[in-house]
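Structure record follows, encoded as structure tokens.
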Protein chains: 2
Amino acid sequence: MNVIPNRAVERSQLLKGVLDLAVLAVLAEQDAYGYDVVRKLRSHGLNDVAEASVYGTLRRLFATGYLSSYVVPSEEGPHRKYYGMTAVGREWLVEQQKQWVDFRNVIDAIIKTKEEGAPGV
Amino acid sequence: MNVIPNRAVERSQLLKGVLDLAVLAVLAEQDAYGYDVVRKLRSHGLNDVAEASVYGTLRRLFATGYLSSYVVPSEEGPHRKYYGMTAVGREWLVEQQKQWVDFRNVIDAIIKTKEEGAPGV
DNA sequence: GGATAGTACTATATAAAGTGTAGTACCGCA
DNA sequence: TGCGGTACTACACTTTATATAGTACTATCC
């Protein structure tokens with residue numbers, strides 16, 4: 001029987017909850033529009049992130065108040081919807097970063113436990 | 001409706017896709033039953049992981065063939081359903097560990113980018 | 001000039017997985 | 001007898017990444 005799991009779907013689970021953080025981190029550098037955020041994330045190693053995921057995340061973060069938005073007409077294509085961080089967004093980013101670091105340390109510790117048996121933290 | 005995001009739900013998103021890995025890592029040390037896996041995960045820092053999540057994960061991993069199972073009667077309570085790794089499960093664990101390390105490196109790089117501006121990669 | 005590709009965004013349906021909640025059942029203790 | 005801890009199952013709910021389709025503008029190639 002073929003138990004080969006779908007790679008894209010499988011990996012996409014890892015992104016859950018972290019895509020917000022990644023998008024915010026990109027926007028913390030400088031304002032950007034959706035299509036550009038996608039390219040930046042991919043160039044950073046998130047090769048398979050779907051466009052719909054990024055656009056959806058941007059809309060969600062905007063709706064929550066973490067991002068502001070403005071439209072800039074482009075001469076090389078359709079208009080671009082830029083997003084920028086709000087003050088609340090920056091606070092949330094910092095908090096999310098901490099949570100990520102804590103979380104990844106916990107996971108790292110758990111998967112190392114089996115090699116040694118003595119968790120060093 | 002309340003706009004305050006539910007902490008538990010928020011954090012739970014981070015667990016998506018990683019709980020499999022955590023559970024397998026615990027079981028790689030030694031066979032264990034569900035309730036025990038929950039306690040071990042919590043003692044490792046996953047304080048708020050829900051029982052239903054672990055039981056569900058165990059059933060899923062068992063159904064996929066990564067875990068074997070046997071029931072042991074207990075004298076201090078109801079029966080215990082022990083789970084142990086299969087050969088395929090061990091292979092998958094190794095692969096998942098690699099994927100996790102890659103993934104967390106990418107995320108770490110992205111959230112650090114904004115501090116320096118020079119991505120090392 | 002029309003077809004095509006790249007850019008840029010929106011909207012909807014789907015699927016995966018963690019959680020909440022309720023329920024079953026066994027044990028020991030006050 | 002009832003309560004708390006142990007141990008598991010089942011179902012509905014929620015969030016979120018993805019697939020897919022569609023709109024629309026620009027530039028390029030035949």
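Proteins get letters first, then strands, A, B, ... in listed order; numbering begins at 1 in each. These numbers come from a predicted model, not from an experiment.
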Please confirm whether the shortest side-chain N or O distance from [X] to OP1 or OP2 of [N] is below 4.0 Å.
X	N	value
A:Arg60	D:dT15	no
A:Ser53	D:dT16	no
B:Thr57	C:dG18	yes
B:Arg59	D:dC8	no
B:Arg80	C:dC26	no

Round to a whole Å and report the spacing from [atom1] of [X] to [atom2] of [N].
X	N	atom1	atom2	value
A:Leu15	C:dA17	CG	C1'	14 Å
B:Asp48	C:dT19	CG	C1'	12 Å
B:Leu24	C:dA17	CG	C1'	15 Å
B:Asp36	D:dA7	CG	C1'	11 Å
A:Glu75	C:dA8	CD	C1'	15 Å
A:Leu14	C:dA15	CG	P	21 Å
B:Asp20	C:dA16	CG	P	13 Å
A:Lys81	C:dA11	NZ	C1'	12 Å

Using distance alone, with no hydrogens and no angle criterion, decide if A:Asp36 and A:Tyr82 have a side-chain donor and acceptor under 3.5 Å apart.
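The answer is no; no qualifying pair exists.
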Which part of the nucleic acid, if any, lies within contact of B:Ala50, taking any heavy atom under 4.0 Å across all strands shown: a base, the sugar-phosphate backbone alone, or nothing?
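Sugar-phosphate, backbone atoms only, no base.
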Options [options], nucleotide nearest the side-chain atoms of [X]:
X	options	answer
B:Pro78	D:dA17, D:dA24, C:dA25	C:dA25
B:Tyr55	D:dA7, D:dA24, C:dC9	D:dA7
B:Tyr35	D:dT6, D:dA10, C:dG18	D:dT6

With sequence neighbours left out, write down each residue that passes side-chain contact (heavy atoms from CB on, under 4.5 Å) with A:Ser68, or none if nothing qualifies.
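side-chain contact (heavy atoms from CB on, under 4.5 Å) check on A:Ser68 returns A:Thr86.
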With respect to A:Leu24, which candidate in A:Leu61, A:Thr57, A:Leu19 satisfies the side-chain contact (heavy atoms from CB on, under 4.5 Å) definition?
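Of the listed residues A:Leu61, A:Thr57, A:Leu19, the side-chain contact (heavy atoms from CB on, under 4.5 Å) partner of A:Leu24 is A:Leu61.
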Kindly compute the distance separating OH (B:Tyr83) from CG (B:Leu27), expressed to the nearest 0.5 Å.
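Reported value, rounded in 0.5 Å steps: 9.5 Å.
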Filter on salt bridge (Lys or Arg N to Asp or Glu O under 4.0 Å), then keep only pairs touching residues 15-26 of chain B, sequence neighbours left out; what's left?
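Pairs touching residues 15-26 of chain B that pass the test: B:Asp20-B:Arg60.
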